[in-house]
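Just below is one structure, and these are the notes that go with it.
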Amino acid sequence: MTAPAPALRTSNAAGRGTLFATILASGMVFLDSTVVNVALPHLGSALHATVADLQWTVNGYLLMLASFVLLGGALGDRFGRRRLFLLGVAWFAAASVLCGLAQGTGWLIVARVLQGAGGALLTPGSLSVLQASFHADDRGRAIGIWSGLSGVSTTLGPLLGGWLIDALSWRWIFFINLPLAVGVVLAALRWVPESRDETVSRTGGGRRFDMTGALLGALALGGVTYALIDAPARGAGSPAVLATALVGVVAAVLFVLAERRRGDSAMLPTGLFSSRLFSVLNVFTVVVYAALGGFTFFLAVYLQNVVGWSALLTGLATVPMTLLLLVGSPRAGALSARIGPRLPLTVGPLVAAVGLLLLRRVGPGASYWTDVLPGVGLFGAGLTLVVAPLTASVLASVADRFAGVASGLSNAASRAGNLLAVAALPLLVGLSGTGYEQKPALTGAFRAAMFWCAGLLLVGAAMAGLLIHRPPRKAPGAQPCPSLPASTPPDKR
């Protein structure tokens with residue numbers, strides 16, 4: 001049985017090394033969630049892809065992250081968080097090589113699916129390692145640093161991708177993961193302590209796999225996603241589309257029933273949702289990250305195929321978002337710890353929505369400074385108010401021993417939001433076939449997509465204002481019930 005992890009501090013070498021390893025690893029996964037977007041016009045041209053092919057290039061990756069990140073978090077809690085973290089890093093790197101070598105859209109989509117599976121192992125491990133390893137007094141700061149710098153990689157992706165595409169080729173957006181993975185492995189072996197859920201280990205539950213839940217979750221998301229992507233080509237009322245949609249809905253119902261039946265041994269203990277705050281925060285995550293996913297999918301293609309910018313200039317357009325996340329996320333996390341998450345999570349989506357509405361006026365020959373920067377800047381400012389407070393609030397709403405499961409579900413919710421937006425928005429705005437290469441079709445689709453994404457953000461703001469509150473403090477010395485979540489002090493997050 002693994003000994004309890006030492007209480008790391010952000011001021012010592014082990015703490016800084018652990019932060020470096022977890023930030024770099026999760027950064028790879030977050031980067032690959034966005035870096036592909038800036039490459040879509042180039043790989044689409046090189047591999048003769050349709051809109052559906054581009055959607056699956058993005059969604060094959062997101063589907064595995066959303067479906068199996070819960071299992072990855074639970075396995076880390078049971079078998080060792082560092083062990084699963086390192087396995088995920090190696091898997092992710094190997095799949096990245098396959099992506100870079102792809103000779104057709106089918107090959108690339110399969111490789112992206114494998115890449116997402118590796119990400120599902122390492123992503124929850126990154127956050128749960130911090131939650132389990134850092135001293136309570138430093139945990140909030142560590143999570144804030146992780147949230148800010150990992151979130152930066154999400155917006156840094158288009159910039160790095162644009163430079164690699166213009167200087168080398170789109171294949172190098174995948175090959176770049178190899179040196180990053182080597183750095184993560186070396187740092188993890190040197191500094192990251194092993195930890196696991198000792199309560200589960202003592203009861204013997206750590207050797208059981210909830211593969212039924214994982215597969216039903218994947219089938220639910222996969223069925224709905226396939227139906228949404230296939231609908232423009234076959235028609236929304238076609239038997240194939242209706243059948244896959246029905247499979248997805250039925251699988252979702254069976255997933256909930258199966259998890260309730262398994263109780264504490266489930267991949268997703270349903271007792272977590274007895275916390276209304278935890279439930280609301282995860283729905284909020286789906287809504288806000290759906291807006292982010294739709295925005296990043298459309299913006300990079302639009303700036304290149306309509307406005308006429310290069311891949312590098314398209315990446316540079318998002319630099320203000322990167323800077324705002326880098327500087328503002330730790331401060332937003334500290335603000336949330338003082339005043340509670342409601343205000344940041346309400347104001348953030350409102351500001352971001354205004355930014356997206358401003359971007360609807362961007363067209364051919366647009367000026368960066370007067371047309372693109374105001375919208376991107378406001379969207380980035382709004383996102384900065386959301387990322388760190390949301391992450392800390394999710395973890396504060398459950399017991400510490402559910403750190404892996406909670407972080408896994410939070411990541412699953414964000415990936416599911418991205419996934420559903422990329423699947424549904426082209427259908428909603430009428431973009432299909434090779435329409436992304438035609439300026440009039442893409443212009444109308446982009447402007448409609450920004451309107452839909454702004455609407456999602458307004459829904460998120462309303463949810464936060466009405467339903468989100470400060471997590472209650474946990475009584476000193478209190479032990480959480482094994483089957484129900486308990487809250488931890490928000491000022492320790």
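Computed from heavy atoms alone, side chains included, the values below leave out hydrogens, waters and symmetry copies.
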**Message:** Whether the side chain of Gln304 engages the backbone of Val38 through a donor-acceptor N/O pair (distance < 3.5 Å, no angle test) should be reported.
**Reply:** yes

**Message:** Is it the case that the side chain of Arg331 and the backbone of Val327 share a donor-acceptor pair, with hydrogens and angles ignored and the cut-off at 3.5 Å?
**Reply:** yes

**Message:** Give me the atom names and distance for the closest heavy-atom approach of Ala218 to Leu63.
**Reply:** O-CD1, 4.1 Å

**Request:** Check whether the side chains of Gln115 and Asp32 place a donor and an acceptor atom closer than 3.5 Å, and report yes or no.
**Result:** yes

**Message:** Ignoring hydrogens, what is the shortest heavy-atom contact between Ala39 and Trp170? Give both atom names and the distance.
**Reply:** CB-CB, 4.1 Å

**Message:** Given 3.5 Å as the limit, does a donor-acceptor pair link the side chain of Thr22 with the main chain of Thr18, or not?
**Reply:** yes

**Fill in**
CG of Leu313 to CH2 of Trp163, rounded to nearest 0.5 Å, is 15.0 Å

**Message:** Quick check: closest heavy atoms across Gly161 and Ile173, and the distance to 0.1 Å?
**Reply:** CA-CG2, 3.9 Å

**Message:** Looking at Arg112 and Tyr61, would you say the former's side chain and the latter's main chain have a donor-acceptor pair under 3.5 Å?
**Reply:** no

**Request:** Measure from the side-chain N and O atoms of Arg415 to the backbone N and O of Leu62, and report whether any donor-acceptor pair falls under 3.5 Å.
**Result:** no

**Message:** Is any side-chain heavy atom of Val283 closer than 4.5 Å to one of Met463?
**Reply:** yes

**Prompt:** Tell me, do Leu159 and Leu312 make a side-chain contact under 4.5 Å, heavy atoms counted?
**Reply:** yes

**Asked** Do Val386 and Leu390 come close enough that some side-chain heavy atom pair is under 4.5 Å?
**Response** yes

**Prompt:** Of the non-hydrogen atoms in Arg361 and Thr370, which two are nearest, and what is the gap between them?
**Reply:** NH2-O, 2.8 Å

**Request:** Would you please name every residue forming a ring pair (Phe, Tyr, Trp, His ring centres under 6.0 Å) with Phe85, sequence neighbours left out?
**Result:** none

**Asked** For Gly433, does its backbone N or O pair with a side-chain atom of Thr50 as donor and acceptor, under 3.5 Å?
**Response** no

**Request:** Could you give me the CA-CA distance, side-chain angles and deciding distance for Leu431 and Phe298, then say whether side-chain contact (heavy atoms from CB on, under 4.5 Å) is met?
**Result:** CA-CA 11 Å; Leu431 189 68; Phe298 274 91; 3.9 Å; yes

**Request:** Check for a donor-acceptor pair, side chain of Asn418 on one end and backbone N or O of Tyr289 on the other, with a separation under 3.5 Å.
**Result:** yes

**Item:** Pairing residues for Trp107 by the ring pair (Phe, Tyr, Trp, His ring centres under 6.0 Å) criterion, not counting sequence neighbours
**Value:** none

**Message:** What I'd like to find out is whether the side chain of Ser393 reaches to under 4.5 Å of the side chain of Ile468, using heavy atoms alone.
**Reply:** no

**Request:** Decide side-chain contact (heavy atoms from CB on, under 4.5 Å) for Met321 and Val376; before the verdict, give the C-alpha distance in whole Å, the side-chain angles of both, and the deciding distance to 0.1 Å.
**Result:** CA-CA 7 Å; Met321 293 171 56; Val376 169; 3.5 Å; yes

**Side-chain touch Leu40/Val58, heavy atoms, less than 4.5 angstrom** = yes

**Asked** Is any side-chain heavy atom of Asn282 less than 4.5 Å from a side-chain heavy atom of Val286?
**Response** no

**Prompt:** Going by heavy atoms in the side chains, are Pro320 and Leu373 under 4.5 Å from each other?
**Reply:** yes

**Complete:** Here the gap from Leu419 atom CG to Ser67 atom OG, rounded to the nearest 0.5 Å, amounts to 7.5 Å

**Item:** Audit row: Leu43, Leu54, side-chain contact (heavy atoms from CB on, under 4.5 Å) steps and yes/no
**Value:** CA-CA 9 Å; Leu43 66 86; Leu54 299 185; 3.8 Å; yes

**Asked** For Val362 and Asp371, which heavy atoms make the closest approach, and how far apart are they?
**Response** CG2-O, 3.5 Å

**Item:** Reported CZ-to-CD1 distance for the pair Phe20 and Ile145, which is rounded to 0.5 angstrom
**Value:** 14.0 Å

**Asked** Just by distance, do the side chain of Ser45 and the backbone of Pro41 share a donor-acceptor pair under 3.5 Å?
**Response** no

**Asked** At what distance, to the nearest 0.5 angstrom, does CH2 of Trp146 lie from CD1 of Ile23?
**Response** 9.0 Å

**Complete:** So CG of Leu420 and CG of Leu221: to nearest 0.5 Å the spacing works out to 6.5 Å

**Complete:** In terms of heavy-atom contacts, Thr225 and Ala423 come closest through CG2-CB, 3.9 Å

**Request:** Given side-chain contact (heavy atoms from CB on, under 4.5 Å), test Val250 with Leu219 step by step and report yes or no.
**Result:** CA-CA 9 Å; Val250 171; Leu219 189 59; over 6 Å; no

**Prompt:** Donor-acceptor pair, Arg342 side chain versus Ser336 backbone, under 3.5 Å?
**Reply:** no

**Asked** Do the side chains of Tyr226 and Trp56 get nearer than 4.5 Å, heavy atoms only?
**Response** yes

**Item:** Pairs involving residues 300-336, ordered by first then second residue, that meet ring-ring contact (aromatic ring centres under 6.0 Å, His included) (sequence neighbours left out)
**Value:** Tyr302-Phe446

**Prompt:** Which distance, rounded to the nearest 0.5 Å, do you find between the CG of Leu427 and the CG of Leu228?
**Reply:** 6.5 Å

**Message:** Quick one: does any side-chain atom of Thr434 pair with a main-chain N or O of Glu437 as donor and acceptor, under 3.5 Å?
**Reply:** no

